[in-house]
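Encoded as structure tokens, the structure appears first; notes follow it.
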Amino acid sequence: MPKSQFLDPDLLRKPGKIAFGTIPVNQYNKTMAEERINFTDDDLIRIYRDMVIIREFESMLNDIKIKNEYKGITYNHPGPAHLSVGQEAAAVGMAYLLTVDDFIFGSHRSHGEILAKGLSAIHQLSVKALMDIMKNYFNGALLSVVEKVPHSDEKDLAVMFLLYGTLAEIFARENGFNKGLGGSMHAFFTPFGVYPNNAIVGGSGDISVGAALYKKINKKPGIVVCNIGDASLACGPVWEGISFAAMDQYTSLWEEEYKGGLPVLFNIINNQYGMGGQTCGETMGFGIAARIGAGVNADMMHAERIDGYNPLAVIDAFRRQKELLLDNKGPVLLDTLTYRFSGHSPSDASSYRSKEELEAWQKADSIVAFGKELIKTGITAQDILEHIQIIAIERIKTILSLVINDDISPRINLTSYPDAIGDMMFSNGSVDKLDDRKPEVLLPLDENPRVKSIRNKERYYLDKHGKPVSKAKIFQLRDGIFEAITDRFYKDPTLVAYGEENRDWGGAFAVYRGLTESLPHHRLFNTPIAEGAIAGTAVGYGMCGGRVIAEIMYCDFLGRSGDEVFNQLPKWQAMSGNLIRMPVVIRVSVGSKYGAQHSQDWSSLVAHIPGIKIVFPATPYDAKGLMNSALQGTDPVIYFESQRIYDVGEQFHEGGIPEGYYEIPIGEPDIKRQGSDITILTIGSTLYVVLKAADVLREKYGLSAEIIDARSLVPFNYELVLESVKKTGRILLASDACSRGSYLRDMASNIAELAFDELDAPPVVVGSRNWITPAYEMENHFFPQADWIIDAIHERIIPLKGHQVNNNFSIDEQLKRNRLGI
Ligand SMILES: Cc1ncc(C[n+]2csc(CCOP(=O)(O)OP(=O)(O)O)c2C)c(N)n1
Ligand SMILES: [Mg+2]
């Protein structure tokens with residue numbers, strides 16, 4: 001609990017009642033005639049036009065998917081197309097008042113939202129701004145295609161550009177908005193404020209909150225809209241995102257100029273179905289989705305249900321709610337009721353709904369109804385509306401022909417440029433800071449109490465008399481991490497750090513202790529216990545242009561942020577066509593002593609996922625240097641720390657840890673002890689176990705071991721290891737991860753392939769047992785021990801004279817363990 005807030009038992013124990021307010025349901029009741037004070041006739045016709053363009057675009061895709069043909073143009077699109085026919089009013093109403101500074105995030109069914117937001121941006125932006133965007137995007141590659149098409153003016157050209165970039169993306173062409181690497185479910189275009197759409201249902205639920213956090217902390221204009229399906233309301237990331245967005249601290253604890261709620265609007269595009277499950281009456285219990293806002297905070301998230309079949313009702317709600325958000329009264333929840341005529345995907349047989357129901361909603365079709373109102377109100381005539389439809393068809397035919405032409409719109413050529421995607425997996429940037437403003441701090445660095453106390457610590461493990469320095473006086477591994485992070489806080493104004501108990505507590509393992517004195521709340525804060533949102537908001541914060549350190553207290557809790565770490569963090573740089581950067585560091589502490597759910601080393605799980613850098617330092621020198629590199633880079637980094645060694649001093653780098661700034665390149669292993677008879681490659685704190693084993697090998701068996709600390713898992717430069725193996729002809733690999741499927745196995749197989757001719761024996765892996773981690777008192781039977789390493793060497797690599805084994809590393813035992821799955 002923050003020290004600044006007193007929990008008064010007398011007050012808190014008093015009886016009382018919670019009164020909920022009311023949630024408006026479809027309260028909008030203006031006629032189009034009444035709305036003419038808010039809209040010009042052209043505006044109202046444009047709303048109609050935008051809905052028609054979206055309808056035609058989606059109908060074209062439906063025809064292509066189902067018949068391989070649209071208006072005589074044939075094409076086969078094997079990929080996905082989740083269409084939103086019927087939902088156009090919701091999309092156009094949502095986008096109408098949003099500017100390019102207002103960001104939207106969405107889901108798998110977001111073509112309509114992309115087009116609506118794009119059309120709104122085209123209307124609002126100046127011709128010059130539009131031309132600049134089109135000229136600069138991929139060096140004008142898209143523009144050079146569409147400008148050859150007849151167009152009436154630059155705005156018309158921009159509409160073609162929008163349709164072309166979106167469709168080319170859906171059909172995986174290099175001229176797509178994301179080079180064809182995102183595709184239908186992930187397409188986006190940030191110059192118009194359209195941010196990543198997510199194929200993971202509910203995936204935008206926390207990422208968008210991170211974007212809102214970025215806007216708030218960095219004082220950027222605009223709001224963030226999280227467009228999510230009604231069925232996604234059951235998803236963890238959505239609930240966690242809502243919890244994160246509704247934290248009291250924004251209004252109670254953050255400094256005056258940052259006070260107030262997050263500018264985020266959760267817009268439930270409520271088409272009343274998941275794929276086939278009905279959210280109301282079947283798979284959820286809310287009845288009316290807006291109800292869920294009631295319990296979240298005292299403002300009930302300003303929740304309301306609006307009629308998403310009427311674009312003017314949606315615009316009305318966005319007008320009011322946007323004002324609230326800009327007035328720091330967020331978060332907001334809108335339940336935008338709509339209906340999709342199209343199937344979930346074109347293969348959907350609609351077996352889950354009745355014909356009558358579909359027909360009833362089609363009868364009330366928002367585009368038809370809006371057109372009728374336009375005519376009834378005397379704003380336009382039937383032939384003009386028909387002309388709008390004809391133009392939409394013509395445009396879409398033209399664009400379709402351009403997109404499916406392999407000469408005009410080829411795919412990325414992976415034959416002539418096989419590494420095209422590989423080269424986009426990491427951005428490999430190096431930047432001191434992501435903004436030029438002065439970082440906000442509460443103290444000069446030199447006056448920070450922890451910085452002052454560290455100054456008196458010994459930076460090498462032996463004193464000048466060669467005696468080991470006591471734990472109290474030694475510069476510890478946690479100090480190395482602290483020093484790198486503190487330095488960056490004073491350099492990069494966008495840097496924020498958060499996680500559970502990060503502020504006064506200093507993070508569960510005291511790495512941040514002392515930072516509270518230096519940093520205002522908005523740069524270092526406690527989060528809800530929501531590991532998904534901790535990682536997911538970091539993804540959103542990073543992709544918008546900020547640097548962030550998110551902390552996962554125990555590696556075992558990484559499972560709670562599995563989607564964010566596996567599906568979001570590593571994907572968006574490449575899926576954006578390399579436009580987005582992801583300068584996010586996730587600190588993950590690997591435990592011990594606390595049993596099966598607090599002691600797992602899952603580094604191999606994340607190392608398996610393409611697109612994340614992984615480091616696992618084991619010494620204070622490496623911890624500081626690798627953190628500096630992680631915080632200087634532009635790629636996502638999972639930074640593993642072992643709780644066993646937070647307090648170790650530096651015993652390898654002579655002269656100790658430099659006080660100044662230095663970087664250790666990510667991906668380079670390090671020889672921690674030279675040797676000539678066997679190489680031992682370690683990851684993480686197992687280094688210290690291996691050192692003990694190496695002492696015994698030397699003293700008892702006269703065997704000299706070369707110990708290499710991997711330091712990084714991804715990327716990993718094998719050169720040093722191969723050089724060593726060339727010399728020793730033998731290698732053993734050890735870490736605390738359960739051995740089956742561990743990263744060591746991957747390394748061992750690489751080494752076996754790359755150094756086959758040099759090896760006198762196969763590489764041997766010593767990891768933890770494939771069990772639950774038992775209690776501390778039994779841990780020695782689970783984690784690799786020094787004698788295991790010696791036994792494994794004796795049994796599998798080189799017989800040690802006179803050695804008696806205590807542990808069974810025989811081939812038979814390995815076969816048995818595999819057979820039993822343990
Ligand atoms: C995490 C996850 N689970 C399941 C799916 C498969 N899936 C795709 S769309 C969908 C229904 C989503 O419903 P809703 O959120 O209401 O959006 P809508 O499709 O109605 O627009 C499902 C279950 C998925 N893509 N992601
Ligand atoms: Mg739905």
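Quantities reported herein were computed from a predicted structural model and do not represent experimental measurements. Numbering starts at 1 and runs along the sequence shown. Whatever order the structure lists ligands and atoms in, that order sets their numbers, starting from 1.
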**OP:** Assert yes or no for the condition that the ring centre distance of Phe189 to Phe161 is strictly below 6.0 Å.
**Re:** yes
Subject >> Per-atom contacts, ligand 1 versus Asn271 - under 4.0 Å to a heavy atom >> reply: 18 (P), 20 (O), 21 (O)
Subject >> Identity and separation of the nearest protein heavy atom to atom 13 (O) of ligand 1 >> reply: Gly274 CA, 3.2 Å
Original post:
Can you tell me if Thr537 and Asp206 form a side-chain donor-acceptor pair at under 3.5 Å?
Top reply: no
Original post:
Relative to ligand 1, is His108 under 4.0 angstrom through side chain, backbone, both or neither, heavy atoms considered?
Top reply: side chain
Original post:
Is there an N/O/S atom in Tyr273 that lies less than 2.8 Å from the Mg ion (ligand 2)?
Top reply: yes
**OP:** Please identify which atoms of ligand 1 are closer than 4.0 Å to at least one heavy atom of Ala199.
**Re:** 24 (C), 25 (N), 26 (N)
Subject >> Contact check, Ser107 vs ligand 1, heavy-atom distance below 4.0 Å >> reply: no
**OP:** Report yes or no: is the cationic atom of Lys613 (NZ for Lys, CZ for Arg) under 6.0 Å from the centre of the six-membered ring of Phe426, at an angle within 45° of the ring normal?
**Re:** yes
Original post:
For ligand 1, which atoms have a heavy atom of Ala231 less than 4.0 angstrom away?
Top reply: 13 (O), 14 (P), 15 (O), 16 (O)
Subject >> Flag, side chain of Glu531 to backbone of Arg560, donor-acceptor distance under 3.5 Å >> reply: no
Original post:
Does any donor atom in the side chain of Thr166 or His111 lie under 3.5 Å from an acceptor atom in the other side chain?
Top reply: no
**OP:** Using only heavy-atom distances, determine whether the side chains of Gln27 and Glu304 contain a donor-acceptor pair under 3.5 Å.
**Re:** no
Original post:
Tell me: protein heavy atom nearest atom 21 (O) of ligand 1, and distance?
Top reply: Arg109 NE, 2.8 Å
Subject >> Ligand-residue contact atoms, ligand 1 with Ser232, heavy atoms, under 4.0 Å >> reply: 15 (O)
Original post:
Side chain of Glu169, backbone of Gly182: donor and acceptor closer than 3.5 Å?
Top reply: yes
Subject >> Residue part near ligand 1, for His82, under 4.0 Å between non-hydrogen atoms >> reply: neither
**OP:** Check whether the side chains of Gln272 and Asp230 place a donor and an acceptor atom closer than 3.5 Å, and report yes or no.
**Re:** no
**OP:** Return the residue, atom name and 0.1 Å-rounded distance of the protein heavy atom closest to atom 4 (C) of ligand 1.
**Re:** Val201 CG2, 4.4 Å
Subject >> Protein residue, atom and distance nearest to atom 7 (N) of ligand 1, heavy-atom basis >> reply: Met275 SD, 3.6 Å
**OP:** Looking at Asp230, pick out the N, O or S atom nearest to the Mg ion (ligand 2) and give its name.
**Re:** OD1
Subject >> Centroid-centroid under 6.0 Å between Phe171 and His77 rings >> reply: yes
Original post:
If you measure from atom 1 (C) of ligand 1 to every heavy atom of Ile268, Ile200, Val238, which option wins on shortest distance?
Top reply: Ile200
Original post:
Of the backbone and side-chain N, O or S atoms of Asn270, does one lie nearer to the Mg ion (ligand 2) than 2.8 Å?
Top reply: no
Subject >> Passing candidate, salt bridge (charged side-chain N to carboxylate O under 4.0 Å, His left out) with Asp365, options Arg340, Arg55, Lys372 >> reply: Arg55
